[in-house]
Amino acid sequence: MPVPAEYVRSLHAYELRILLALERLMRRYQWVPLEELKSATKFSESELSYRLGRLLAMDMVRYEKVPYEGYALVFNGYDTLALHTLTRRGTVQALGTLIGVGKESEVYEAMGLGPVVLKFHRVGQRSFQSARLKRGYMPEGGHCPWIFASSNSAKMEYDALKTLHPAVSVPLPIDQNRHVVAMSLIPGVNLSRAALAEPEAVLDEVIRNVREAYRLGIVHGDLSEFNVMVDEGQCWLIDWPQWVETSHPNAGEILARDIANILQYFKRKYGIEYAFDEALARVVE
C-alpha cells in the first residue's frame, strides 16, 4: 500500500532532496553509489547518514552492500514523490481506502476538489520482463529500472484517457505524476462481478465504445470482463496502459482478441450468441 500519510507529512526537506537525487541517479545506476549520493545532495557524511537512516526506517529506500555500497528507491519512496507533487498541485488533499488491486496496479479513493481515484502503477519484478517484451512504452534494451517502467505505464494510460474522453466512456483524466494517475471516480462494479438485468444492451454498449476508441486511433489491448465497469446499464472501459495505435502492425490481432474476450464472456455467463465477424465489422466499419 502507499506510504502512510504521516510519513509524507513528516518528511524533511533534506529527505525529499535525497529521494529526488536517487530518482535522478537511478537513470544511470541500479544501485546509486553512496559517493554519488553525497556529491548530488552536498550533505555532510553525518547528515546524509542520519537522513538515509530515517528513509530506510520508513521503507522509502533500500540499501545494498554488494557489489558496492548503494541505495535505491522502493515503491514507498516513489509514492511519496508522486503524492508530494500531486498535493502541491492541489490535485490531492487526502488519500482514502484501497478499492482495487490488479497485476500491475493499486487503486485508491482520494479527495481533491471532490472524490477522485488514484491509480498507482506498479510494474514490479514479476511483470517487468513481460512488460519489456510486450509493451510499446518499454525500451528495447538498456537500463530501465522499475520506477521508470511504472511511470511510462502511467503516462500511457493518462494519454489514452485524454484522447478518448468524452467520446468513449472512460474515467475523466485529472492529473498524472510519475507512476500515479488521478482520474474521476467511476460508480458500480466490475462486469465480472455484476448480475446484469439487460446483458444484451450492455454488450452492445461495450462494442460501441470499442468502436469509438478505434475511430480515435486506439485499441485497448487488454479488454476483458475485468476491465469494464457497469452501473445500472451504463458501462465504462478502464485500464488502458497496454493500448496500441490502430496503425500498429499487430493492431488487428490485438483488436480481435479484445472483441473475442468480451463475446466469450457474455456467451459463457448469459448465453448470448453474437457473431465475431459481425462485432468486428461493426467496430472497424
Side-chain angles (χ1 to χ4, degrees), residues 1-24 26-27 55 58-61 73-102 104-124 137 145-188 216 218 227 229 231 236-243:
M1 63 179 297
V3 62
E6 59 268 24
Y7 287 2
V8 178
R9 287 193 296 266
S10 67
L11 197 70
H12 192 277
Y14 286 2
E15 292 152 6
L16 180 62
R17 189 191 301 182
I18 292 172
L19 294 178
L20 290 168
L22 284 170
E23 178 187 29
R24 184 173 68 253
M26 282 180 69
R27 294 189 179 276
L55 292 171
M58 291 186 286
D59 196 29
M60 293 186 186
V61 302
L73 282 174
V74 294
F75 273 121
N76 272 357
Y78 209 44
D79 291 350
T80 297
L81 290 176
L83 288 171
H84 181 269
T85 299
L86 292 171
T87 301
R88 189 178 60 202
R89 290 176 182 172
T91 303
V92 178
Q93 297 176 7
L95 185 64
T97 58
L98 177 70
I99 59 174
V101 178
E104 297 180 350
S105 65
E106 293 178 352
V107 181
Y108 285 80
E109 288 184 311
M111 285 297 298
L113 295 177
V116 298
V117 160
L118 294 184
K119 182 175 180 180
F120 292 76
H121 287 244
R122 303 202 187 283
V123 181
Y137 58 74
W146 55 264
I147 61 171
F148 303 120
S150 299
S151 180
N152 291 344
S153 177
K155 186 177 188 306
M156 281 286 291
E157 179 156 38
Y158 186 68
D159 288 347
L161 295 178
K162 285 197 300 180
T163 299
L164 296 169
H165 191 275
V168 181
S169 295
V170 297
L172 168 68
I174 297 171
D175 201 354
Q176 181 248 326
N177 184 259
R178 296 175 171 88
H179 63 315
V180 180
V181 179
M183 63 189 84
S184 61
L185 178 65
I186 297 298
L216 291 170
I218 289 180
N227 294 331
M229 298 287 289
D231 182 51
W236 296 263
L237 308 189
I238 62 171
D239 294 340
W240 290 86
Q242 298 187 42
W243 71 273

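For the single chain, residues carry numbers from 1 onward in sequence order.
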Salt bridge (Lys or Arg N to Asp or Glu O under 4.0 Å): which pairs involve residues 174-184, sequence neighbours left out?
E23-R178, R89-D175

Do Y7 and N76 come close enough that some side-chain heavy atom pair is under 4.5 Å?
no

Walk me through whether D79 and R122 qualify under side-chain contact (heavy atoms from CB on, under 4.5 Å).
CA-CA 10 Å; D79 291 350; R122 303 202 187 283; 2.9 Å; yes

Can you name the residues that form a side-chain hydrogen bond (donor to acceptor under 3.5 Å, both in side chains) with Q93, not counting sequence neighbours?
none

How many angstroms lie between CG in L164 and CH2 in W240, if you round to the nearest 0.5 Å?
5.0 Å

Which pair of heavy atoms, one from N177 and one from A82, lies closest together, and at what distance?
OD1-CA, 3.3 Å

Which value, rounded to the nearest 0.5 Å, describes the distance between W243 atom CH2 and L237 atom CG?
15.0 Å

Hey, does the side chain of S151 reach the backbone of I147 with a donor-acceptor pair shorter than 3.5 angstrom?
no

Would you call M60 and E15 a side-chain contact if the rule is heavy atoms closer than 4.5 Å?
no

Side chain to side chain contact (heavy atoms under 4.5 Å, CB included) partners of V107, counting only residues at least two apart
I99, V117, K119

So, do L11 and L19 sit near enough that their side-chain heavy atoms are less than 4.5 Å apart?
yes

Answer whether the closest heavy-atom distance between the side chains of Y158 and K155 falls below 4.5 Å.
no

With under 30° as parallel and over 60° as perpendicular, where do the rings of H179 and F75 fit, or are they tilted in between?
parallel

When you compare the side chain of V3 with that of M58, does any pair of heavy atoms fall below 4.5 Å?
no

For a 4.5 angstrom cut-off between non-hydrogen side-chain atoms, does R17 reach L20?
no

Check whether any side-chain heavy atom of L83 sits under 4.5 Å from a side-chain heavy atom of F120, and report yes or no.
yes

When rounded to the nearest 0.5 angstrom, what is the spacing between CE in M229 and CG in D239?
9.5 Å

Drop me the distance from W236's CH2 to D231's CG, to the nearest 0.5 angstrom.
5.0 Å

Pairwise distance CG(L118) to CG(L95) - rounded to 0.5 angstrom:
6.0 Å

Tell me, do P171 and I238 make a side-chain contact under 4.5 Å, heavy atoms counted?
yes

For A167 and L216, work out which heavy atoms get closest and say how close.
CB-CD1, 3.9 Å

When rounded to the nearest 0.5 Å, the distance separating CD of E104 from OG of S150 is 8.0 Å

Nearest atoms (heavy-atom pairs only) where I174 meets M183
CD1-C, 3.6 Å

